[in-house]
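The analysis underlying the following values was restricted to heavy atoms, covering all of them including side chains, and did not include hydrogens, waters or symmetry mates. Note that the coordinates shown come from a computational prediction; the quantities given were computed from them, not determined experimentally. Every chain is numbered from 1 and lettered A, B, ... according to where its sequence line falls, protein lines coming before strand lines.
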Amino acid sequence: MGARPDHLTLLDLVRGHARDRGDHAAVVVVPEAGERRTLTYAELDARAAALAADLAARHEPGDRALVLYSATESFVVALVGCFAAGLVPVPSPLPGGQAYQRERVRGMLADCDAAAVLVDPTAAAETQDWARPLRRADGRPVAVTVLDAATATATSTVDAVTAPTRHDHRPAPQDVAFLQYTSGSTSRPKGVVVTHANVLHHHEAFTTALGLTPDDVFCSWLPGYHDFGLVGMLLVPLGLGATAVMVSSTSFLKRPVRWLSAMTQTRATVTASPNFGYDQCSRRVRDDQLADLDLSRLRWALNGAEPVDAAVLEAFTRRFEPVGFRGSAHGPGYGLAEATLTATYPDRSRPLVVTVDEAALRDGRLVVLDEESGLSAVPDEPVVPVAAPDAGPRDDRDAGPRHAPDTGPQAADSGAAPIGTARTGTRLVCCGVPHGVELRLVDERGETVPDGTVGEVWLRGGAVASGYWGASGAEATAETFGATAADGTGPWLRTGDLGALHDGQLVVTGRIKELLLVAGRNLYPYDLERELRALHAGAEGRPGAVFEAEGLPGALCAVQEFRPTPGAHESGGDELDDAVRRMASHLASVSGAAVHDVVLVRPGQVPRTTSGKIQRGRARDLLGRGDLAELHSLRASRGRARTDHAGTRP
Amino acid sequence: MTSPRPDSFDDLVLRHVAAALGVEPGAVDPAADLTGLGLGSVQVLALLGDLEDALGVDLDPEAVADNPTPRALAEHLRSVVDVPGTAA
């Protein structure tokens, strides 16, 4: 490790696999209906080279190409084809049917001034319609290239040049590999600039820390425009020469069992999902669907992109242990697109869950009352490569054997068990140890805090990106990527996340930045609040607060100041009903998350600081205590429906 | 979920929507937009999957966008199921 990122790129690795193990499956697509499809490394290389020749004939090196995600092999061909053509791929969702979705993709396209859009044939027509009126900064049209799977060549809408010869561009490590747009924000798209060197530094850390090999089979439903899906579940396996199995996210969300079935059929060894994906499986896979599942080959069920819940890990283990899932496969980690993907990695020799003193945590101290090392009664597979080097220290460090037969039942009720004093404990999932990056926890002066004290997570190293794309991102780049520590070192990446170190592991405790992580997406409350205000005249220009519902992680609440139309008393109920539903609808559509409540309150009720900053945490507390002067709410509107509807029922 | 085909599509949809919202079926306004009731896109897709399982049909993910209320969705299901073999 170490020397490779300075000389090679991911493209070199893929070309090497095409030579050395050309027949090995690079990509396996598990469609919603029909047969699985396989693309070997040799086929991937050939198709990417053909596409690269076509792209290079029509575009300048360094041009950006929006690569629209479909869960098909063409997405992977497009990524590698862009590398080989010297273009910068920008993974993106399809523009979609909803106005806000189209606006979001258009915002990304405009921010990076993309020259081309690459799309799978299955979405060609709608994409061409969408792109037709779009113009680049200099007024030229945006070229749409349809990735034709059948003929293994690309057909383009703009003066297609047939270039039969293989295009052999070789990007340099310092060249931009791709742009990763991070937030669901429509107003301020921010594209993280990830270089080829970043990708390979991250690759080395990821594969070493997790003990991955070319024989691993990765299987994921995460979309390829999401950093976890793109880097963790596509680029890492491609760099290794391993197999990436793609399941469409729609297919998974409709029937979570499809993800598990795909893993069973393809003998997957590595998977990844945000917390809510595991939760979906535990709650929605039926008993009669278990019979066909076999998760015994799974070595890693990686977990990130949103806070990890110990109860969700336990529930998943309990549900799927009977079909071979090992609790030790749970791999919660921590990372962010600004560090390519992962910064801290699960380590099986250390505790998975800690119970910490709640009062101390509120004071910024991590006081550990209890540790749980495993969530499973099933022992580790003895051949797991990563376990070997850790075997020595692990026995010294742990209080007891990690996979004692009684660990499972003990874990199940440990929320109440071992604390024993009046102190109240809260259980936090440990997110592992740093690899490939230097990690510091610092106070507001940039001073490193003592172990066990909460500080902001700062990172630096080869996997940390250089900044956000373009002039529009310059301010955010300086703020986020340009921090200097109290000891004069820098630049550091300020993550905005709060955490403490325990036994070398990062325990994430909260956030400084106002960012909601729900349904695997990053959302800025400020954006959502601005959009809600604009939905109704009674809310226009008035403050509101959007936050996660108390005790319901992943569900959103909004409190919005509202002035009903004067003189509309008779129909006032309808106006308020209409307003809460429009706001709930917008929140649900944009976030993808469930909306717990939308509360309209009298002007002056949303708490602010003296400088006018919205106090979202305080708004949540006031709402929880019933201390807000409510005009109407989504929950009340559901109650109204109950009364109206009840009369019509037999 | 593998129950026999229900007599009323409206009841079926309301039951599933209510379960997703954590309320009684009677508390769901059949004429309200599902997203306006607070269902996120993750829950909407889950609802589609459950309805497919209950009825043994394939539904287009756009079915909810085109038929956004419980009443409209029930009507859509009726049209899909009445003509066997033709998914929306």
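- In this structure, the side chain to side chain donor-acceptor pair (under 3.5 Å) partners of A/R582, at least two apart in sequence or on a different chain, are A/D578.
- With hydrogens and angles left out, the side-chain atoms of A/H632 and A/D577 include a donor and acceptor closer than 3.5 Å.
- Proximity to chain B involves both the backbone and the side chain of A/A594, based on heavy atoms less than 4.5 angstrom apart.
- For the set B/D33, B/L37, B/V44, B/T35, the count of heavy-atom pairs under 4.5 angstrom toward chain A peaks at B/T35.
- Note: B/G49 leads B/G49, B/A32, B/A31 in heavy-atom pairs under 4.5 Å with chain A.
- A salt bridge does not link A/K254 to B/D50: none of the charged side-chain nitrogens sits closer than 4.0 Å to a carboxylate oxygen.
- Partners of B/E75 under the side chain to side chain donor-acceptor pair (under 3.5 Å) rule, at least two apart in sequence or in another chain, are B/R78.
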